[in-house]
> 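So that we are looking at the same thing, I have put the structure below in structure tokens.
FYI, side chains are in, hydrogens and waters are out, and symmetry mates aren't considered; it's all heavy atoms of this structure.
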Amino acid sequence: MSKYKKGKIIITYLRAMQKSNTALQIAAYLLETGAIKLRPETPFTWSSGWFSPIYCDNRVTLSYPAIRSFIKTALSEEIRMHFPEAEAIGGVATAGIAQGALVADLLELPYIYVRPEPKSHGMGNQIEGRLLPDQKVVLVEDLISTGSSSLKAASAVNMAGGNVIGMAAIFTYGFEKATQNFIDANIPLVCLSNYQSLLGIALEQGYIKTEMLDTLSSWRKAPDKWKK
């Protein structure tokens, strides 16, 4: 039986892990590989129009075998701990596809992946792979921002007859909007690392200076208003 009682939602951003070895090590790896870039002076622009001091593409870690293995193992351990009843792993396109396949292989579980939209040709699939009726699925993501695209994938799996019991991701910005979105969807979330851990290790290793902390922290609290 799951530790999550039916009908009760528990959102876990692993706040207790903010100073843990795993959260800090993941953050260090993301900075080391360039998967995460911090640029508060010349912000990035997201597709939403938001300005951001951070850019995150965790697919970069796939090019580093030792780091790729560390992340795969850490995700698998979290899924074993929080979702022991999982019967299949699903990757969320596109960045979660490879990570999900690695995790499914390690856990020796069936694997599917979810497209943003159904294909416009062929069988018109949105879900690739064999999804069984009421199969308990844990989705794997690389990054959680607002959670909208991740939860859209979860909805597609549920509508196709599966049962998404949770989601696991490498990194989260920790936006309040994301927390509320997962609560509303009744889907538990676990993340290996987070924005606060990132800032801590970035300061320690010289990626940022102390005077940058205020602006970096203010962005996470109100990303839609930052620099406007």
> If you measure from CD1 on Ile112 to CG on Leu139, what distance do you get to the nearest 0.5 Å?
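That separation rounds to 6.5 Å.
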> Let me see the working for Asn58 and Thr61 under side chain to side chain donor-acceptor pair (under 3.5 Å), right down to the final yes or no.
CA-CA 6 Å; Asn58 294 329; Thr61 62; 6.0 Å; no
> For the backbone of Tyr113 and the side chain of Glu128, can you confirm whether one donor and one acceptor N or O come within less than 3.5 Å of each other?
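Looks like no, no N/O pair under 3.5 Å.
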> Please report the shortest heavy-atom distance between Pro40 and Thr215, naming the atom on each side.
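In this case the closest contact between Pro40 and Thr215 is CB-CG2, 4.2 Å.
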> What I'd like to find out is whether the side chain of Pro53 reaches to under 4.5 Å of the side chain of Lys227, using heavy atoms alone.
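Heavy-atom side-chain distance check fails, nothing below 4.5 Å.
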> Do Leu192 and Leu102 share a hydrophobic cluster, counting only Ile, Leu, Val, Met, Phe, Trp and Tyr and linking them when any side-chain heavy atoms are less than 4.5 Å apart?
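Each belongs to a different hydrophobic cluster.
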> Calculate, to the nearest 0.5 Å, the distance between atoms CG and CD1 belonging to Leu75 and Ile170 respectively.
5.5 Å
> Report the distance from atom NZ of Lys37 to atom OH of Tyr207, rounding to the nearest 0.5 Å.
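If we round to the nearest 0.5 Å, Lys37:NZ and Tyr207:OH are 10.0 Å apart.
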> Which residues pass the side chain to side chain contact (heavy atoms under 4.5 Å, CB included) test with Ser148, sequence neighbours left out?
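Ser148: side chain to side chain contact (heavy atoms under 4.5 Å, CB included) contacts with Thr146, Asn181.
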> Phe70: what forms a side chain to side chain contact (heavy atoms under 4.5 Å, CB included) with it, not counting sequence neighbours?
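Phe70 satisfies side chain to side chain contact (heavy atoms under 4.5 Å, CB included) with Gln25, Ile26, Tyr29 once adjacent residues are dropped.
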> Any chance you could measure Met212, atom CE, to Leu38, atom CG, to the nearest 0.5 Å?
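It is 9.0 Å, given to the nearest 0.5 Å.
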> Looking only at the aromatic ring of each residue, does the gap between the centers of Trp226 and Tyr173 stay below 6.0 angstrom?
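No.
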> So do the side chains of Asn163 and Glu87 get within less than 4.5 Å of each other, counting heavy atoms only?
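No. Closest side-chain heavy atoms not under 4.5 Å.
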> What are the two closest non-hydrogen atoms of Ala168 and Val138, and how far apart are they?
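Heavy-atom minimum between the residues: N-CG1, 4.3 Å.
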> Give me the atom names and distance for the closest heavy-atom approach of Arg220 to Gly174.
NH1-O, 2.6 Å
> Measure from the side-chain N and O atoms of Gln126 to the backbone N and O of Arg115, and report whether any donor-acceptor pair falls under 3.5 Å.
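Yes: the side chain of Gln126 pairs with the backbone of Arg115.
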> What do the steps show when you test Ile79 against Leu109 for side-chain contact (heavy atoms from CB on, under 4.5 Å), and what is the final call?
CA-CA 12 Å; Ile79 291 171; Leu109 288 174; 5.6 Å; no
> Can you list every side chain to side chain donor-acceptor pair (under 3.5 Å) pair that touches residues 64-77, not counting sequence neighbours?
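Listed once each, the pairs would be none.
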> From the options Val114, Ile144, Ile187, select the one residue that forms a side-chain contact (heavy atoms from CB on, under 4.5 Å) with Ser150.
Ile144
> Side chains of Pro110 and Gln135: does their closest heavy-atom pair fall under 4.5 Å?
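Yes, side chains in contact.
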> Hydrophobic clustering (ILVMFWY, side-chain heavy atoms < 4.5 Å, transitive) - are Leu106 and Val92 grouped together?
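No, because Val92 and Leu106 fall into different hydrophobic clusters, even though each may have its own neighbours under 4.5 Å.
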> Would Trp219 and Phe175 count as a close aromatic pair, with their ring centres under 6.0 Å?
yes
> For Leu131 and Ala160, work out which heavy atoms get closest and say how close.
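So the minimum-distance heavy-atom pair works out to CD2-CB, 3.9 Å.
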> Tell me whether Glu176 at atom CD has more than 12 heavy atoms from other residues, nucleotides or ligands lying less than 6.0 Å away.
no
> Please say yes or no: joined through hydrophobic side-chain contacts below 4.5 Å, possibly via intermediate residues, are Leu132 and Leu107 part of one cluster?
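No.
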> Could you check whether any side-chain heavy atom of Phe51 comes within less than 4.5 Å of a side-chain heavy atom of Thr45, counting everything from C-beta outward?
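Yes, close enough: below the 4.5 Å cut-off.
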> Count I, L, V, M, F, W, Y as connected when their side-chain heavy atoms are under 4.5 Å apart, and connections chain through other members. Are Val103 and Leu62 then in the same cluster?
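No, no single cluster joins them.
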> Please name the pair of heavy atoms, one in Ser193 and one in Ser197, separated by the smallest distance, quoted to 0.1 Å.
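Closest pair (atom of Ser193, atom of Ser197, distance): OG-CB, 3.8 Å.
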> Strictly distance-based, threshold 3.5 Å: is any side-chain N or O of Ser155 a donor or acceptor partner for the main-chain N or O of Lys152?
no
> Would Arg39 and Tyr55 count as a cation-pi pair here, with the cationic atom under 6.0 angstrom from the ring centre and within 45° of the axis?
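The answer is no; the distance or angle limit is not met.
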> Report the distance from atom CD1 of Ile36 to atom CZ of Phe171, rounding to the nearest 0.5 Å.
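Output value for this atom pair is 4.0 Å.
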> Checking the side chain of Asn158 only, and the main-chain atoms of Val164 only, is there a donor and an acceptor separated by less than 3.5 Å?
yes
> Mind checking the CG-CD spacing from Leu24 to Gln196? Nearest 0.5 Å is all I need.
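It is 11.5 Å, given to the nearest 0.5 Å.
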> List the atom of Gly147, the atom of Phe182, and the distance in Å for their closest heavy-atom pair.
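The answer is CA-CE1, 3.9 Å.
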> Group every Ile, Leu, Val, Met, Phe, Trp and Tyr by side-chain heavy-atom contacts under 4.5 Å, then state whether Val190 and Leu30 land in the same group.
yes
